[in-house]
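Contents: one structure, followed by commentary.
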There are 2 protein chains.
Amino acid sequence: MAASTLTEVARLAGVSPATASRVLNGSARKPGKDITERVRQAAESLGYIPNAQAQGLAKSSSGLIGLIVHDIADPYFAAIARGVQEAAREQHKMVLLATTGGGPTEEREAVAAFAARRADSIVIAGSRSCRTEDQDGNAELAAELDRYCRNGGQVAVVGHPVVGATVQEGYHVVRVPNQELARRLAAELAAGWDGDFVIVGGPEGLLTSDDRVRGFQEGLERAGRPQAEVLRTAFNRSGGYDAGLQLAGRIKAPGSGEAAPKLCIFAVNDVMAIGTAAALRAEGLRIPRDAAIAGFDDIETLRDFRPALSTVRLPLEDIGRLATRATRGRPDGEEGEEAAPGAVTGEVTLRRSTEAA
Amino acid sequence: MAASTLTEVARLAGVSPATASRVLNGSARKPGKDITERVRQAAESLGYIPNAQAQGLAKSSSGLIGLIVHDIADPYFAAIARGVQEAAREQHKMVLLATTGGGPTEEREAVAAFAARRADSIVIAGSRSCRTEDQDGNAELAAELDRYCRNGGQVAVVGHPVVGATVQEGYHVVRVPNQELARRLAAELAAGWDGDFVIVGGPEGLLTSDDRVRGFQEGLERAGRPQAEVLRTAFNRSGGYDAGLQLAGRIKAPGSGEAAPKLCIFAVNDVMAIGTAAALRAEGLRIPRDAAIAGFDDIETLRDFRPALSTVRLPLEDIGRLATRATRGRPDGEEGEEAAPGAVTGEVTLRRSTEAA
DNA sequence: GCTCATTGGGAAAGCGCGTTCCCATTGGTT
DNA sequence: AACCAATGGGAACGCGCTTTCCCAATGAGC
């Protein structure tokens with residue numbers, strides 16, 4: 001990777017490197033018209049491409065935004081990534097991608113790697129965990145982030161603050177009203193469904209999942225309904241599938257003497273909901289005839305799924321964008337107080353999958 | 001972004017920067033045991049993180065892999081990205097992401113940006129285009145890539161070579177047998193379907209789309225079937241939807257005197273197929289009763305779609321991995337001739353959506 | 001006991017660029 | 001005509017690190 005350098009350009013144009021730099025890479029001082037032209041031509045003819053590493057070194061700022069996701073192939077993260085990417089383009093920066101599988105240890109490594117590259121800011125998407133087994137990892141992640149921020153880095157986290165983080169200088173959180181939205185979803189579902197509710201949740205300690213579970217239960221309570229049973233499983237399609245199999249068994253072979261239960265299943269995200277639905281179908285059950293089902297996120301690719309999935313629409317792309325912008329400081333020139341990052345809102349979207357028979 | 005530097009660590013440990021460097025960042029020379037330990041401790045206590053920019057500058061290699069996709073939120077690209085990401089991790093490199101929307105101009109810019117960052121290699125996913133309107137853009141893209149390669153960069157392209165590229169030093173192509181697979185798909189479909197075939201293709205000139213169309217026609221021909229009509233539309237869901245509407249009209253209101261045609265629709269990718277299916281359904285038609293439909297790619301998220309979509313399974317993640325590895329030179333130690341990158345193969349997968357009534 | 005290879009550490013020269021400081025021209029004042 | 005401010009260009013340093021080169025100290029070999 002040895003391209004032509006600024007010095008070479010300068011020599012060819014018969015000027016000093018300083019002048020060439022002023023011409024080619026925006027500086028306060030503008031050299032004379034003729035010189036400018038000469039340098040431009042020299043650069044052109046040599047195919048000069050400025051070395052961003054050297055530039056970064058010299059002005060200590062890299063033009064890089066680090067993005068941390070669990071899995072880029074998961075449509076949830078892919079959607080957020082699109083938003084981040086877009087915002088990055090606005091800022092004339094590039095996105096550095098790290099996928100971690102969700103473990104705080106890998107996340108810590110990713111943050112360190114970003115810090116090493118002197119990324120200007122870091123966006124962390126993906127549910128925080130407060131499971132005890134992640135405790136140490138979280139602490140180290142928090143420490144790493146603190147250090148990064150103290151060194152002037154900007155961090156934005158989607159959803160929840162990193163457990164244990166203490167710095168707030170340059171530390172932003174894009175809050176997602178998971179709990180409230182789940183509550184509203186429960187309320188609307190309760191209005192049109194008189195059977196029981198079951199929740200298919202992620203592992204306990206996954207904050208996003210927990211919020212949605214809690215909100216849903218609150219919604220049921222306010223609607224005067226009994227609390228729903230909570231099945232804990234993996235936070236992905238296959239987790240949903242497993243839960244679906246279990247539920248299908250229960251629906252097809254109810255306890256002796258009971259009638260088949262009329263179940264409305266709330267899976268805490270769309271991908272799990274699809275998995276659950278697939279399992280029910282594989283067991284010969286139909287939706288919503290034999291069981292209703294709802295998800296959360298309103299993943300774009302899944303909107304053509306039939307029966308159309310009731311869910312909560314989350315503006316994932318906006319979320320990515322907001323998070324990225326939050327790291328920018330105030331929006332363009334304005335000075336305002338930490339420029340409220342435009343609260344994220346969602347929308348309960350009832351569709352066919354929860355229509356009463 | 002000012003963290004502690006190697007010099008500071010060295011001073012604290014009471015050694016020279018050279019020694020500190022040797023200790024902390026792998027070097028051929030290993031300093032003595034006690035010194036090593038002293039430096040380690042100093043680094044630890046200062047929370048030293050090496051400046052990758054400076055390292056890159058000094059050894060002119062950045063540890064960066066550039067990935068170019070049309071749209072990271074498209075599950076096709078997201079799957080490839082996952083593979084790239086994995087392979088990057090193997091190589092202890094980070095992935096720099098650029099989304100271009102598919103235009104050669106944006107792709108050229110992305111390549112230039114990667115070159116500026118001195119990315120060690122670049123992976124380009126996404127269909128090449130040979131439309132006349134893209135001609136100039138392609139030429140410039142090719143020129144940019146040539147330059148990048150001449151400077152020692154490694155490039156891997158998924159699918160087709162960039163139109164007009166001339167260098168082959170460090171220029172790799174992961175070929176995808178789109179044509180052959182489409183041919184096989186047509187053959188298998190023809191065996192079980194006696195109605196007409198229609199192809200919903202992308203804009204003419206999109207190489208991937210063209211290959212699949214051509215292959216499918218070949219397959220029909222070899223099966224003794226007449227060529228299929230080709231509908232040109234956008235290479236995404238909404239393009240598929242539009243085509244679906246059009247076809248629905250034709251199925252519901254056949255020309256006077258004709259019977260409703262028995263159509264088998266081949267959409268050149270899964271996302272388009274889903275769009276087409278959605279349109280048919282919106283028009284009150286059922287699949288496969290009123291029309292059969294098949295796609296291409298076998299996108300993971302779409303596998304739970306009902307009726308299950310007939311398609312061609314493409315190992316997208318592997319493709320990303322292979323492309324990334326191809327840029328690495330020979331696999332680990334081995335010297336072999338350009339180490340054949342393990343040909344990509346796919347698999348025709350017939351499912352419910354094309355079952356004869 | 002002396003020489004010679006070897007080891008282990010430091011000094012210094014870059015890597016490519018931005019930027020500060022300094023110097024040589026100008027053009028305009030009184 | 002002499003002087004000063006303004007303008008435009010260059011020399012040189014620093015960003016943080018790697019790496020070559022050099023030197024001192026050690027051990028082996030005769």
Side-chain angles (χ1 to χ4, degrees), chain A residues 1-40 42-43 46-64 112-113 115-120 151-152, chain B residues 1-40 42-43 46-64 115-120 151-152:
Chain A
M1 281 280 39
S4 50
T5 75
L6 186 61
T7 312
E8 289 171 24
V9 174
R11 192 171 336 156
L12 181 60
V15 300
S16 79
T19 305
S21 169
R22 294 196 259 256
V23 166
L24 295 175
N25 314 26
S27 155
R29 290 181 49 176
K30 296 284 164 205
K33 202 77 182 108
D34 46 342
I35 290 220
T36 299
E37 192 48 32
R38 261 213 330 267
V39 174
R40 283 255 152 68
L46 284 177
Y48 169 71
I49 296 184
N51 185 327
Q53 307 219 57
Q55 292 190 154
L57 225 210
K59 37 184 190 188
S60 64
S61 128
S62 60
L64 253 27
R117 295 232 137 72
R118 298 302 185 263
D120 297 332
N151 287 337
Chain B
M1 281 282 39
S4 51
T5 75
L6 186 60
T7 311
E8 290 171 24
V9 173
R11 193 172 334 158
L12 181 61
V15 300
S16 78
T19 306
S21 169
R22 293 195 259 255
V23 168
L24 295 175
N25 316 11
S27 154
R29 290 181 50 175
K30 296 285 165 206
K33 201 78 183 113
D34 47 341
I35 290 220
T36 298
E37 191 49 31
R38 264 217 324 271
V39 173
R40 282 253 153 68
L46 283 178
Y48 169 71
I49 296 184
N51 185 326
Q53 307 219 58
Q55 292 190 152
L57 184 54
K59 36 185 191 190
S60 65
S61 130
S62 61
L64 253 26
R117 297 233 136 72
R118 299 302 186 262
D120 298 331
N151 287 338

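Chain naming here is simple, since letters A, B, ... match the order of the sequence lines and numbering starts at 1 in each. These numbers come from a predicted model, not from an experiment. Reckoned from all heavy atoms, side chains included, excluding hydrogens, waters and symmetry mates.
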Angle between terminal axes - the helix from C/dG1-D/dC30 to C/dT30-D/dA1, 5 pairs each end, rounded to 10° | 60°
NA contact type, A/Ser21, heavy-atom cut-off 4.0 Å: base, sugar-phosphate, or nothing?
-> base
Assert: residue with more 5' nearest nucleotide on DNA chain D, out of B/Ala18 and B/Leu57, is B/Leu57
Closest to side chain of B/Asn51, choosing from D/dT18, C/dC17, D/dG16 = D/dG16
Side chains of residues 10-20 of chain A: which donor-acceptor pairs under 3.5 Å do they make with residues two or more places apart or in other chains?
from	atom 1	to	atom 2	distance (Å)
A/Ser16	OG	A/Ala18	N	3.3
A/Ser16	OG	A/Thr19	N	3.3
A/Ser16	OG	A/Thr19	OG1	3.3

Calculate the interatomic distance between B/Gln53 atom CD and D/dG14 atom C1'; express it in whole Å.
-> 15 Å
Can you figure out which of D/dT19, C/dC17, D/dC17 approaches the side chain of B/Pro50 most closely?
-> D/dC17
What is the distance from CG of A/Leu24 to P of C/dG16, rounded to the nearest Å?
-> 16 Å
Length of the CG-P vector between A/Asn25 and C/dT19, whole Å = 10 Å
Are B/Gln55 and D/dT18 close enough that a side-chain N or O sits under 4.0 Å from OP1 or OP2?
-> yes
Length of the CZ-P vector between A/Arg11 and C/dG16, whole Å | 11 Å
Atom CD1 of B/Ile49 and atom P of D/dG16: how far apart are they, to the nearest Å?
-> 14 Å
Starting at atom CG of A/Leu46, determine the distance to atom P of C/dG16, rounded to an integer number of angstrom.
-> 14 Å
Nucleotide N/O to protein N/O under 3.5 Å, stretch nucleotides 6-9 of chain C:
from	atom 1	to	atom 2	distance (Å)
C/dG8	N7	B/Arg29	NH2	3.4
C/dG9	OP2	B/Gly32	N	3.1
C/dG9	N7	B/Arg29	NH2	2.1
C/dG9	O6	B/Arg29	NH1	2.6
C/dG9	O6	B/Arg29	NH2	3.0

Note: B/Thr5 and B/Tyr48 closest approach over all heavy atoms is C-CE1, 3.6 Å
By nearest-heavy-atom nucleotide on DNA chain C, the more 5' of B/Ala20 and B/Ala54 is B/Ala20
Reckon A/Leu6 touches a base, only the sugar-phosphate, or nothing at all at heavy-atom distances under 4.0 Å?
-> sugar-phosphate
Gap between atom CD of B/Gln55 and atom CZ of A/Arg117 - 0.5 Å precision | 8.5 Å
